[in-house]
Amino acid sequence: MGVEPTSVVSRIPNSTLRADCCVDDLVLGDGENEECEHMPNNESCKKHITQVHLENEPTPELCSGKKNHLNHTLAKQRHAFAGALAGTFVSLCLHPLDTIKTVIQAHSTVQKPISGIVGSIIADRGVSGLYRGIASNVASSAPISAVYTFTYESVKASLLPLLPQEYRSIAHCTAGGCASIATSFIFTPSERIKQQMQVSSQYQNSWTALVSILKHGGLPSLYAGWGAVLCRNIPHSVIKFYTYERLKQLFLSTTQSTHPNTFQTLICGGLAGSTAALFTTPFDVVKTRLQTEIPGSLRTYDGVFHALREIVKDEGLKGLYRGLTPRLIMYVTQGALFFASYECLKAVFCLEVPKLLAPTIQNNNRSIQNESATSPVLLSKQQTIQAS
């Protein structure tokens, strides 16, 4: 009885499908593909490839819904890790500027020029005075950045499929606002400790500052200025990410590229950070005033809007923009460094595994080709097909 051909079998299997199967198996683990679970040496991959109907498009069963879901989860984790490293790097670089900005905003009296303030800080506390509170900043920057980028990417990924192309900016804005709310529970106490260290010399380190705040004001004192944090950070995130995404799309449309280069990312990030800083400085001044009050002392301001009114009454509108110059410098640099390092790290985490696996996949493809060329079953089928 002759062999009835039921499919067209190629002598050389589809290398793309082979690569996808091997990468998925090695990245996601052996237990994720139920059909490959009990077959060593990737025999299941060979089985899939030799059964592909090359007359049609590749079968979607090779990339199951479960694998796609796990790939999406791993991608979000990479976003969080990339954001954590980027946030820590930026915090280390820009803390002295933040200290100068805080000292300017905390005092309502006539200010010295920036060079005079730097000189007075160094004269009173030494060069290390510019880095007071950095322990609180560094300890919290990684979890804050991780939560921020994880929340942002998760919300954005959930909203983008629901919106048409012309309304996708809403997803970026909403994701940025949600990320700010999520991080405020970590950010507020961290900022309270950091700014107490920056304006006062009575604390030896961040730990003694934390103990003193809890001792004299309790847990509510640790969250002083939380309302101002939300009033500042939510619009800041919305403006920053909206501006960044729009500028990035503008660059991509002019260069016909799929990803911005490093220079374009620096420009987009710097402009996005400075734009957000310009519009949110008044709430930043209010936050500083609320968080630099001595724990347990008589409160000068009753809340965010009372502080706004009192600052305008006593110092004029100019009082709401104290520290604008160092803040703009800080956020131009912060935006450029954060987005550049974030995009770079995101690319590294997403592409490192395929690059490392490429030689292995190519070697495996060669071995399959050799096997297919010498396999009696395949040769028999090919001869039957040619005879017919």
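The basis for the numbers below is simple: all heavy atoms, side chains too, and nothing from hydrogens, waters or symmetry mates. Sequence positions, counted from 1, serve as the residue numbers for this chain.
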- request: Look only at the side chain of Thr99 and the backbone of Leu130, and say whether a donor-acceptor pair between them is shorter than 3.5 Å.
  value: yes

- prompt: Taking only residues two or more places apart in sequence or in another chain, which ones pass side-chain hydrogen bond (donor to acceptor under 3.5 Å, both in side chains) with Tyr148?
  reply: Ser237

query: Are any side-chain N or O atoms of Gln105 and backbone N or O atoms of Arg322, one a donor and one an acceptor, separated by less than 3.5 Å?
result: yes

query: What's in the same ILVMFWY side-chain cluster as Leu250, cut-off under 4.5 Å, chained through other members?
result: none

- prompt: Does any N or O in the side chain of His236 come within less than 3.5 Å of the main-chain N or O of Thr281, such that one atom is a donor and the other an acceptor?
  reply: no

Pairs involving residues 193-205, ordered by first then second residue, that meet salt bridge (Lys or Arg N to Asp or Glu O under 4.0 Å) (sequence neighbours left out): Asp98-Lys194, Glu191-Lys194

- request: Taking Arg192 for its side chain and Ser221 for its backbone only, find out whether a donor-acceptor pair lies under 3.5 Å.
  value: yes

message: Within this structure, what is the CZ-OG1 distance for the pair Phe241 and Thr243, rounded to the nearest 0.5 Å?
response: 11.0 Å

Salt-bridge criterion met for Glu310 and Arg299 (N-O under 4.0 Å): no

- line: When rounded to the nearest 0.5 Å, the distance separating CD1 of Ile186 from OG of Ser145 is 10.0 Å

message: Determine whether a donor-acceptor pair (N or O, by modelled atom type, separation under 3.5 Å) exists between the side chain of Ser136 and the backbone of Ser190.
response: yes

statement: For Ile239, the hydrophobic cluster (side chain heavy atoms closer than 4.5 Å, chained through members) also holds Phe279

message: Go through it in stages, so that I can follow the logic: the residues are Thr174 and Leu159, the test is side chain to side chain contact (heavy atoms under 4.5 Å, CB included), and I'd like the CA-CA distance, side-chain angles, deciding distance and then a yes or no.
response: CA-CA 9 Å; Thr174 304; Leu159 292 179; 3.8 Å; yes

query: In Å and rounded to the nearest 0.5 Å, what is the CD1 to NE2 distance from Ile117 to His107?
result: 9.5 Å

- prompt: Passes side chain to side chain contact (heavy atoms under 4.5 Å, CB included), Ser140 versus Phe187? Steps please.
  reply: CA-CA 7 Å; Ser140 62; Phe187 181 79; over 6 Å; no

- request: Find out if a path of hydrophobic residues (ILVMFWY) with successive side-chain heavy-atom gaps under 4.5 Å connects Tyr152 to Val238.
  value: no

- prompt: Would a distance-only check, ignoring hydrogens and angles, find a side-chain to backbone donor-acceptor pair under 3.5 Å from Thr188 to Ser184?
  reply: yes

- prompt: If you count the non-hydrogen atoms of other residues, nucleotides and ligands that lie under 6.0 Å from CD in Gln204, is the total more than 12?
  reply: no

message: Is it the case that the side chain of His306 and the backbone of Asp302 share a donor-acceptor pair, with hydrogens and angles ignored and the cut-off at 3.5 Å?
response: yes

query: Do the side chains of Val147 and Ile234 join up, straight or via other hydrophobic residues, at under 4.5 Å, putting them in one cluster?
result: no

Evaluation steps, side chain to side chain contact (heavy atoms under 4.5 Å, CB included), between Cys173 and Tyr242: CA-CA 6 Å; Cys173 296; Tyr242 176 80; 3.8 Å; yes

- prompt: Looking at residues at least two apart in the chain, or sitting in another chain, which of them share a side chain to side chain contact (heavy atoms under 4.5 Å, CB included) with Leu160?
  reply: Lys156, Arg168, Ala171

- prompt: Got a donor-acceptor contact below 3.5 angstrom from the Ser297 side chain to the Glu293 backbone?
  reply: no

- prompt: Considering all heavy atoms of both residues, which atom of Pro326 and which atom of Ile104 are nearest to each other, and what is their separation?
  reply: CG-CD1, 4.0 Å

field: Close side-chain approach of Gln196 and Ile213, heavy atoms under 4.5 Å
entry: yes

query: According to a 4.5 Å side-chain heavy-atom criterion applied to Ile, Leu, Val, Met, Phe, Trp and Tyr, with indirect links allowed, do Met330 and Leu337 form part of one hydrophobic cluster?
result: yes

Smallest separation among heavy atoms of Ile193 and Ser206, with atom names: CG2-O, 3.7 Å

Over 12 non-hydrogen atoms of neighbours within 6.0 angstrom of OH in Tyr223: yes

- request: Flag the pair Thr265 / Tyr244 as yes when at least one side-chain heavy-atom distance between them is below 4.5 Å, and no otherwise.
  value: yes

statement: CZ of Arg327 to CG of Asp284, rounded to nearest 0.5 Å, is 4.0 Å

message: When you group the ILVMFWY residues by side-chain heavy-atom contacts below 4.5 Å and let the links chain together, are Phe185 and Val229 in the same group?
response: no

Nearest-0.5 Å distance, CG of residue Leu247 to CG of residue Leu252: 11.0 Å

field: Minimum heavy-atom distance Arg232-Tyr331, with the two atoms named
entry: NH1-OH, 4.0 Å

task: Would you tell me whether Ser169 and Arg246 have side-chain atoms, one donor and one acceptor, within less than 3.5 Å of each other?
output: no

- request: Look at the side-chain heavy atoms of Ile, Leu, Val, Met, Phe, Trp and Tyr, link any pair under 4.5 Å apart, and say whether Val103 and Ile100 land in one connected group.
  value: yes

query: What's the shortest heavy-atom distance between Thr102 and Thr288, and which atoms?
result: O-CG2, 3.8 Å

message: Around atom CZ of Arg125, are there more than 12 heavy atoms from other residues, nucleotides or ligands closer than 6.0 Å?
response: yes

query: Take atom CD1 in Ile294; do more than 12 heavy atoms of anything else shown fall under 6.0 Å from it?
result: no

statement: Tightest non-hydrogen contact, residues Val155 and Cys178, listed as CG2-CB, 4.1 Å

- line: In short, Ala157 meets Pro161 closest at the heavy-atom pair O-CD, 3.0 Å

task: Under 4.5 Å between side-chain heavy atoms, chaining through other members, with only Ile, Leu, Val, Met, Phe, Trp and Tyr counted: pull out the rest of the cluster around Leu317, sorted by chain and number.
output: Leu278, Phe283, Val285, Val286, Leu290, Tyr301, Val304, Phe305, Leu308, Ile311, Val312, Leu320, Tyr321, Leu324, Leu328

query: Among Ile144, Thr151, Thr149, which residue meets the side chain to side chain contact (heavy atoms under 4.5 Å, CB included) test with Thr183?
result: Ile144

field: Nearest-0.5 Å distance that lies between atom OG in Ser141 and atom CG in Leu92
entry: 7.0 Å

- prompt: When Pro189 is tested against each of Leu210, Leu214, Leu222 for side chain to side chain contact (heavy atoms under 4.5 Å, CB included), which residue passes?
  reply: Leu222

- prompt: Is the backbone N or O of Gln195 less than 3.5 Å from a side-chain atom of Gln291, with the two atoms forming a donor-acceptor pair by type?
  reply: no

query: Does Asn233 offer a backbone N or O that forms a donor-acceptor pair with the side chain of Ser180 under 3.5 Å?
result: yes

